[in-house]
Amino acid sequence: MLSVVYRTVRILYHQSQVAALFLVSLFAIFNYAPGFYPPRDSMLFYPTEPEEVHENKSPRIDVETTFYRQPQLLQEASARLLPERPGITDLYFLGFAGEADENVFSHEIRYARDLFDQRFDTKGRSMVLINHTETVANTPLANIHNLELALRRIAERMNLEEDMVFIFLSSHGSKDHQLSVEFWPFNLNDLAATTLKELLDRSGIRNRVIVISACYSGGFLDVLKDDYSLIMTAASRDRQSFGCGDTAVFTYFGEAYFVQALTREYSFIKAFYAAKRSIEQREANENKTPSLPQIHVGTAIAKKLEVLAGRRNTKTAANRP
């Protein structure tokens, strides 16, 4: 290396032999000498600091205790479910907040549960599965195993021919049509559209209203739709939806559908179209790529939905002074 430096100085910079040797000597001193005199009382290498990203973001959770408590929490939640009422089309509600890192998902699931309990007569017939530090001690986790058990418990209380279940799932969604199921430090599996269909089919619940608030959620509609289902999604199969984030209170779809439309409308279908118009206007005002919410109305469930909406409208009118 010193030879290369010497020739470079001589040829490229036209230095004399003495000047070139002097410059090469300076180069050698500054380049090599420090390596022979390391600090005697200092460490050259230090152990890596433990990662504290999650510890700073959420309190410590006892993973083992939490997992062992899941059967008890599910038993307690299902024990509170009221049985179906003969001759009445009862509606059951099941909420699923899959992503724990952002408050918006758990918040809108709990809001929807309270709304349905007050406005759609599901009090005593509602369950929620939530991934969040605020609810981990008293609410079952939102994971595939608990979702399957919750559907079974609801099916046991229902009249499967007469009643229906309203399922609301809120989380991040992926392009391969999976809902994010994330709650550090737990290692949970994401929920695929095909898996959700399998869980529903195994439960025996036929009359289904399913709302999925997530990016690319239209891919779930492709898999779940049938004559006995009403499926509504926040976006098409190839579009993102908006409004998630730790500081958000509702997603765009959650706010438009549950907070705005369903507080004025008893028809789930009419509320969807009202929410869709609201979302389209909001996205246009904010110059966002349209999310294109999707809907499928099964022919068999449409009549039951009309009866349910009509009954709620009649009860509201009877309560007016």
Verify the distance criterion only: is there a donor paired with an acceptor across the side chains of Glu108 and Ser170 at less than 3.5 Å?
yes
Qualifying residue, where the test is side chain to side chain contact (heavy atoms under 4.5 Å, CB included) with Glu148 and the options are Leu196, Asn143, Leu199
Leu199
Under 4.0 Å between a side-chain nitrogen and a carboxylate oxygen: does that hold for Arg85 and Asp121?
yes
I want to know whether Phe116 and Phe166 have ring centres closer than 6.0 Å.
yes
Distance flag, aromatic centroids of Phe93 and Phe120, threshold under 6.0 Å:
no
Would you mind checking if Asp114 and Arg110 are paired as a salt bridge, meaning a charged N to carboxylate O distance below 4.0 Å?
no
Classify the side-chain pair Ser241/Ser291 by whether it contains a donor and acceptor separated by less than 3.5 Å.
no
Assess the pair Phe258 and Phe250: is the distance between their ring centroids shorter than 6.0 Å?
no
Would Asp201 and Arg208 pass as an ion pair if we require N to O under 4.0 Å?
yes
Assess the side chains of Gln281 and Asn285: does a donor N or O sit below 3.5 Å from an acceptor N or O?
yes
Test of understanding: with ring pair (Phe, Tyr, Trp, His ring centres under 6.0 Å), list the residues that count as partners of His172, not counting sequence neighbours.
Phe105
Charged N-O contact under 4.0 Å between Glu280 and Arg277:
no
